[in-house]
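One structure is given below, represented as structure tokens, and several questions about it will come after.
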There are 2 protein chains.
Amino acid sequence: MNETSTSSSVSPSAEEYLLTLFRKEVGNEQIGTSKLAELFDVKAPSVTGMLRRLHKRGWVTYKRYRPPELTDLGRSIATKLIRRHRLLETYLVSHLEFDPDEVHDEVEILEHAVSDTLIDRIDEKLGHPAFDPHGEPIPDENGHSPNMNLITLSTVAEESSAVFSRMDNRDLGMKKHLTSLGLQPGTNLTRMSSGQADQLLVKAGERLLKMPEKIAQLIWVWPDTY
Amino acid sequence: MNETSTSSSVSPSAEEYLLTLFRKEVGNEQIGTSKLAELFDVKAPSVTGMLRRLHKRGWVTYKRYRPPELTDLGRSIATKLIRRHRLLETYLVSHLEFDPDEVHDEVEILEHAVSDTLIDRIDEKLGHPAFDPHGEPIPDENGHSPNMNLITLSTVAEESSAVFSRMDNRDLGMKKHLTSLGLQPGTNLTRMSSGQADQLLVKAGERLLKMPEKIAQLIWVWPDTY
DNA sequence: TATTATTATTAGGATATCCTAACTTTTTGG
DNA sequence: CCAAAAAGTTAGGATATCCTAATAATAATA
Ligand SMILES: [Mn+2]
Ligand SMILES: [Mn+2]
Ligand SMILES: [Mn+2]
Ligand SMILES: [Mn+2]
């Protein structure tokens, strides 16, 4: 049923490792025993032991004295965790007055305790956000990260159109503002020519909007390519 | 600093025991090894082992072959946990569309993972509620439960109103029945005069209900006092 | 009250996580 | 290229939780 079925349950500690390895992988970095030990505030032999267990479970490949790598299974677990983490951060910031800078520690623990059901409700409540309060992409239910080949509205050529995809949602005020103007994910936008340099003219459905260049730089769109 | 300082940290399992013992204590019940084992889905020797650890930590008194009792310290820890539990249930129901009947399992895990900060934010967001969605009292930050001068609906004078607070929730069937009639914790009820002795006439919102005296004896309400 | 049934404990192990001390491999830099 | 330094592993324990099998205490009942 579940394409990424876990088969055995993952402990919070194990989840922490997968999450960390995933983040390193995304950043094209590697991480060894002592860095992991420092990060988790444990001693090196504890890391060696955990890596052996993770390897036995099929979540990482591990050869002694070599930096560990995620397996496909491990990566799929990590992707789900990243989704949880980022949705939770987004929720705490937007619905519970957390500061983006203080939210991480709370979530580092919460992420291991919330059910899929709760995550789904939060996701809905948030309107399926694509980015967390730090601007990091939130993978969807299938583990796919939002397409990062998006361009900003400000780089769309005049007389071309594009589909509004997402905004840098670190700015809550802007989100409300744009929504009130009728700009939502999916809205088709056409950039019209405007005489001014620091101002765009954007057609959104019926509406014709004047938009400051600065705002347009924060709006990510799917260019109409063909 | 912390008047009920824990000194050592409490594991989720230990918390579960304290919570359970607290609930039994409130209900003037005792609970022994095998009931606890059944409740936690472990075998009896695991319970004995845990009770010895809890005793060593000073959270319960335990003499072999005798039912365990909370110490003052254990009770103060449990009270905080009850507060968390009930605030979380209240929040999930009122802000995340959880059904009162499905919320408990989620919270049973969450309660061990949320920080005091998050609990405070939730409490604020909810406006410092005194009762959870099941009508159970929520202790305040100091562990004091709201005054429960509840009376049964059957003792409410005719032509007086009261707020539905809780029902004897050992009877699941009745709960469903009342819910289907629109009676939930928080519902304002007015007892109308009815000619009959063993039957009440109750106005709940728009509805006018006939209710057997026996049922009314199981419904606890907050009388409209002024 | 004597016997039986129920309930609870002890003994002896397993697994997960973490530790210190001692040892090995890899990396570095002269 | 070879000896330190750095990084990583193994050996041997500790604690928390949980298990099965055997044993003991308490409660129920004839
Ligand atoms: Mn984070
Ligand atoms: Mn975490
Ligand atoms: Mn509950
Ligand atoms: Mn719990």
| request: Describe the nucleic acid contact of A:Thr48 in one word from base, sugar-phosphate, nothing, applying a heavy-atom distance below 4.0 Å. | output: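 The answer is base, as A:Thr48 lies within the cut-off (heavy atoms under 4.0 Å) of a base atom.
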| task | Provide, to the nearest angstrom, the distance between the CE atom belonging to A:Met50 and the C1' atom belonging to D:dG8. | result |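 Taking atom C1' of D:dG8 as the reference, CE of A:Met50 is at 17 Å.
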| field | Between P of C:dT6 and CZ of B:Arg66, the distance in whole Å | value |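 So the CZ-P distance, B:Arg66 to C:dT6, works out to 19 Å.
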| message | Can you tell me which nucleotide in C:dT27, D:dT9, C:dT17 comes closest to the side chain of A:Thr33? | response |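 My answer, after comparing the listed nucleotides, is D:dT9.
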| said: Which nucleotide wins on minimum distance to the side chain of A:Pro45, given the candidates D:dT17, C:dT17, C:dA21? | reply: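 My answer, after comparing the listed nucleotides, is C:dA21.
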| message | Between A:Asp140 and A:Arg83, does the salt bridge (charged side-chain N to carboxylate O under 4.0 Å, His left out) criterion hold? Intermediate values first, please. | response | CA-CA 7 Å; A:Asp140 69 17; A:Arg83 173 175 159 78; over 6 Å; no
| request: Return the 5'-most residue of the pair B:Val42, B:Lys56 with respect to DNA chain D, ranking by each residue's nearest nucleotide. | output: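 Its nucleotide being nearer the 5' end, the pick is B:Lys56.
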| task | Would you mind reading off the distance between A:Arg52 atom CZ and D:dA11 atom P, rounded to a whole angstrom? | result |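 Going from CZ in A:Arg52 over to P in D:dA11 covers 9 Å.
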| said: Between A:Arg86 and A:Ile138 (side chain of the first, backbone of the second, donor and acceptor by atom type, cut-off under 3.5 Å), is there such a pair? | reply: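 It does not hold such a pair.
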| Options C:dC19, D:dA16, D:dA21, nucleotide nearest the side-chain atoms of B:Arg57 |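 Looking only at heavy atoms from C-beta outward on B:Arg57, the closest nucleotide is D:dA16.
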| Selection from C:dC19, D:dT10, D:dC19 that lies nearest to any side-chain heavy atom of A:Ser46 |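 From the listed options, C:dC19 comes nearest.
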| Hey, where does DNA chain D pair up into stems, meaning at least three consecutive Watson-Crick or G-U pairs with distances under 3.5 Å? |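 DNA chain D stems, ordered by first number: C:1-30 with D:1-30.
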| query | Only one of A:Leu126, A:Val107, A:Val103 clears side chain to side chain contact (heavy atoms under 4.5 Å, CB included) with A:Tyr91; which? | reply |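 Result for side chain to side chain contact (heavy atoms under 4.5 Å, CB included) with A:Tyr91: A:Leu126.
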| said: Heavy-atom nearest nucleotide on DNA chain C for A:Ala14 versus A:Arg64: which residue maps closer to 5'? | reply: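 The residue closer to the strand's 5' end, by nearest nucleotide, is A:Ala14.
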| field | Minimum-distance nucleotide to A:Tyr65 side chain [options: C:dT10, C:dT26, C:dC18] | value |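 Closest of the options to the side chain of A:Tyr65: C:dT26.
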| task | Among the candidates D:dT17, C:dT17, D:dA16, find the nucleotide nearest to the side-chain atoms of B:Ser11. | result |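 So the side chain of B:Ser11 is nearest to D:dT17.
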| request: Could you state the atom-to-atom distance from CD of B:Glu38 to C1' of C:dA8 in whole Å? | output: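 It is 15 Å, rounded to the nearest whole Å.
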| message | Is the distance between the ring centroids of B:Trp222 and B:Phe131 under 6.0 Å? | response |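 Close enough - the centres of the two rings lie under 6.0 Å apart.
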| Starting at CZ of A:Phe40 and ending at P of D:dG8, how long is that distance when rounded to a whole Å? |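 A:Phe40 atom CZ is separated from D:dG8 atom P by 14 Å.
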| message | Measure NZ/B:Lys63 against P/C:dA8 and give the value in whole Å, please. | response |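 Going from NZ in B:Lys63 over to P in C:dA8 covers 17 Å.
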| field | Reported CG-to-CZ distance for the pair B:Leu39 and B:Arg23, which is rounded to 0.5 angstrom | value |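 Atom-to-atom, B:Leu39:CG and B:Arg23:CZ are 9.0 Å apart.
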| message | I need the single residue from B:Pro12, B:Ser11, B:Ser13 that forms a side chain to side chain contact (heavy atoms under 4.5 Å, CB included) with B:His112. Which is it? | response |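 Of the listed options, the one satisfying the test is B:Pro12.
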| field | Euclidean distance, atom CG of residue B:Asp41 to atom C1' of D:dT17 [Å, nearest integer] | value |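 In whole Å, D:dT17 C1' lies 14 Å from B:Asp41 CG.
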| Nearest-nucleotide comparison on DNA chain C, the residue closer to the 5′ end among A:Pro12 and B:Lys35 |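 That would be B:Lys35.
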| Rounding to a whole Å, what distance do you find between B:Leu36:CG and D:dT17:C1'? |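 Those two atoms, CG and C1', are 15 Å apart.
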| said: Taking the minimum atom-to-atom distance to the side chain of A:Ser34, which one of D:dA7, D:dC18, C:dT7 wins? | reply: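 When the side chain of A:Ser34 is considered, D:dA7 is the closest of D:dA7, D:dC18, C:dT7.
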| said: Side chains of B:Ser154 and B:Thr152 only: does a donor on one sit below 3.5 Å from an acceptor on the other? | reply: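 The answer is yes; a qualifying pair exists.
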| message | Quick check on D:dT17: is either OP1 or OP2 less than 4.0 Å from any side-chain nitrogen or oxygen of B:Arg53? | response |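 Yes, B:Arg53 has a side-chain N/O under 4.0 Å of OP1/OP2 on D:dT17.
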| query | Does the pair A:His85 and A:Glu108 meet the rule for a side-chain contact (heavy atoms from CB on, under 4.5 Å), with working shown? | reply | CA-CA 7 Å; A:His85 184 102; A:Glu108 202 55 62; 3.5 Å; yes
